[in-house]
**Student:** 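Sharing a structure below in structure tokens format, with a few things to ask.
Chain identifiers are assigned alphabetically (A, B, ...) following the order of the sequence lines, protein sequences preceding nucleic acid strands; residue numbering begins at 1 within each chain. In this text the structure is predicted, and so the values were computed from the model without any measurement.
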Number of protein chains: 2
Amino acid sequence: MNEKLVQSTGNGLQSSIPKLNVAVIGAGLVGSLAALNFARKGYEVDLYEYRQDIRTAELVQGRSINLALSQRGRKALAEVGLEDEVLSTAIPMRGRMLHDVKGNTSIVLYDSCTKQCLYSVGRKHLNEVLLNAGEKFPNIHHHFEHKLSPFQEDAEAKADLIVGCDGAFSAVRQQMIKNYGFNFSQEYIEHGYLELCIPAKNNEFQMPANYLHIWPRDTFMMIALPNQDKSFTVTLSMPFKVFADIKTPKDLLEFFIKYYIDALPLLGEEKLIKDFFKSKPQYLLSIKCNPYHYESKAVLLGDAAHAMVPYYGQGMNAGMEDCSLLFSIISQTGITLDKALLQFTESRWRDAHAICDLAMYNYVEMRDLTKRVTFKCRKFLDTTLFRFFPTIWVPLYNSVSFTSMPYNKCIANRKWQDKILRNIFYTILSGALVTATALYVTNL
Amino acid sequence: MNEKLVQSTGNGLQSSIPKLNVAVIGAGLVGSLAALNFARKGYEVDLYEYRQDIRTAELVQGRSINLALSQRGRKALAEVGLEDEVLSTAIPMRGRMLHDVKGNTSIVLYDSCTKQCLYSVGRKHLNEVLLNAGEKFPNIHHHFEHKLSPFQEDAEAKADLIVGCDGAFSAVRQQMIKNYGFNFSQEYIEHGYLELCIPAKNNEFQMPANYLHIWPRDTFMMIALPNQDKSFTVTLSMPFKVFADIKTPKDLLEFFIKYYIDALPLLGEEKLIKDFFKSKPQYLLSIKCNPYHYESKAVLLGDAAHAMVPYYGQGMNAGMEDCSLLFSIISQTGITLDKALLQFTESRWRDAHAICDLAMYNYVEMRDLTKRVTFKCRKFLDTTLFRFFPTIWVPLYNSVSFTSMPYNKCIANRKWQDKILRNIFYTILSGALVTATALYVTNL
């Protein structure tokens, strides 16, 4: 069984080796993309989703409404021929628009050199595009509102491979956690988030559309991403105890007047009060594990393998990149499935852990550092060096968001840059000290 | 329900407040000790164990045969009046006896000042003592060979409080892991262990009995603890790949001749070969979580809360100390159960995480550092300072093993000592440099 040869015939359905049955658990963004990839390789794919079909669902609960699509996600979409379709309705965000406590704004472009940008996409729309593309494959069988106990039910007994794309609370992973040697951690942060909305006004955006808006406030922050319908989805992130201290509409308005004065009229007092109190702040957690596979039988992709806090905008992109990597490995001629899955784990876990850590760190940076002088100096240095040496000096944010450089290498790259800047700094400092000493001694 | 007042009437069975029903899951060392503590406070206790009664079991599988009892475990046993009984049959170990690769031995006492020592106790015997003591309480009801799905079965539905003492793979914890805000990690190390035996010869110990024997070999090691029947239980710890490379009896003997030449005749070639190949090396893992409780409904103690690698000999001692702490909190007048459990989590998690980390670190120290000159120098400094300032300068190992200082404070204490030694070192070094410079300049 572990010696099964995986199909390596591109998207040809006429494979010379027996077709494998794949059960993909979870028809979210990563699951529906994985299903497409397997189908293109000629596998028989059963795609299971315990929620109803998102295309006919009224409301999608407990997940952010829009997402920032960047290079890694784009590449994975391009591989299944969907990049153009997705980008055609996405809203480019060219930089961060920072809102200070008085309501003044300033712009920090993501990439003033090569003009790369993030794209705001609706989760529901993107999922629909992926599912619709899957409908065209006779070898993808959709099963919505179908709850599975993995490794147990008949539906899966026939599967040669189970692909767990079932998110941060993955049931597939819950089975794997019992295996010896399965390393795992789940870490909640003491901050929660709550989504609000800045509606369109006279069918127009109420703020400049082509930016990711950030209101950094040291220990907490608010961000806003533009939607297709000219509204903004606003995410308020802060410690649970700060949420808990806002008990009445009066508390809430005072809080917004103090911290988010410019956003208040855009949100609308009445609507803000209604939106804020109708739902509880959501928990945020980081999940790491290793390995991602179990023999030739199961593999985890996306949040099931590496859920992260949302502050690098890489959760979806990293999950989609999992698909790129897995299918590039499976496409190697003659590789067996167990070896392919092992190779997937080995070449992925360090990068996945790295982006989980970066996401955690970027929360501090977004809410706090963006305001500091040291951060601005570094940003200026990075931008300048990037402009002159665009292939050599790629700043961390840019390498993560606008390249496919392995995440772990992005960090190594940054450490190398830190070292160079530090050496330059100390060289200048030593030079100054030597000069000062010489002058002092001369004057003695 | 969360407002239940816990009983604070010592061991009086005539409490003025309604009796609580407690379900203790797991009748191992920590579970049977916890049951005793609850019973002494007048609770109705159901003690569930999925294995058979250890007192009638032929063989206890998958757990080490003997253990090093130290201060924290002794204190917890004293609290239920069992310390003397346990110590009467335990074997004191006054220090480490180090065996080098040629078979030469040297002794490092644990405490040459106050003469404190570890005690080697048999797991089975200790468990028996605890269960027998429990039999005397009419309010403890034993249920052996009883497998539970926590939170689900009738047996537990009637319990006011579920106490998870069900070890590293705790089923109680498996329910709690689904709760929002439950932080958890499990980390396997790449080393496994296998137990061997040096039998008694002519009804005598084959090595000096009052030591913990260590054969440090850099990347792996072997240790031996004395048993009541004058045998030694020997534990071989090494990377799984080193185990895997020993494929034949010939490989095994060559390996022992190379690394453990003095142990070979004591183990006996034939018996060694039989013992080594009859079982597979066992996995070792570290488990951390936080919180340890769920409202007023459940709490985790011992390995279920904080499994650790066995290299500080603190797994059992830390689990027993959990009982000391929990019952000292519950004994506070007027405290409600939910507040008691919250206080238990808050005052315990940092210390439990600390001992998990120390245990991991001590594995490196035992197998590697004990041989190094720097380690010996530090040991000498520590011992000397401890001798002169026995209440001020307690070395790390001694504070962990021979005091009840919170584990986290033991580490803080060590950092403070490191800082002082480092400052002394740099002061001396700077003094020497200044002197040398002055001499050099004078001669210019």
**Student:** Minimum heavy-atom separation for Gln186(A) and Ile177(B), please, with both atom names.
**Tutor:**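 What the structure gives for the nearest pair is NE2-O, 3.0 Å.
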**Student:** With a 4.5 angstrom heavy-atom cut-off, which part of Tyr283(A) approaches chain B: side chain, backbone, both or neither?
**Tutor:** side chain
**Student:** Check whether any side-chain heavy atom of Lys178(A) lies under 4.5 Å from a side-chain heavy atom of Phe169(B), and answer yes or no.
**Tutor:**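 No, too far: nothing below the 4.5 Å cut-off.
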**Student:** How about Phe277(B): does its CZ atom have over 12 heavy atoms from other parts shown lying under 6.0 Å from it?
**Tutor:** yes
**Student:** Please classify the contact of Phe240(A) with chain B as side chain, backbone, both or neither, using a heavy-atom distance under 4.5 Å.
**Tutor:**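 Contact with chain B is absent: no heavy atom of Phe240(A) under 4.5 Å.
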**Student:** Below 4.5 Å from any heavy atom of chain B, which atoms of Gln174(A) appear? Answer side chain, backbone, both or neither.
**Tutor:** side chain
**Student:** How about residues 303-314 of chain A versus chain B: which residues have heavy atoms under 4.5 Å apart?
**Tutor:** none
**Student:** Can you tell me how the ring of Phe184(B) sits relative to the ring of Phe184(A), calling it parallel under 30°, perpendicular over 60° and tilted otherwise?
**Tutor:**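 Because their plane-to-plane angle lies in the 30° to 60° range, the rings of Phe184(B) and Phe184(A) count as tilted.
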**Student:** With a 4.5 angstrom heavy-atom cut-off, is it the side chain or the backbone of Ile189(B) that approaches chain A, or both, or neither?
**Tutor:** neither
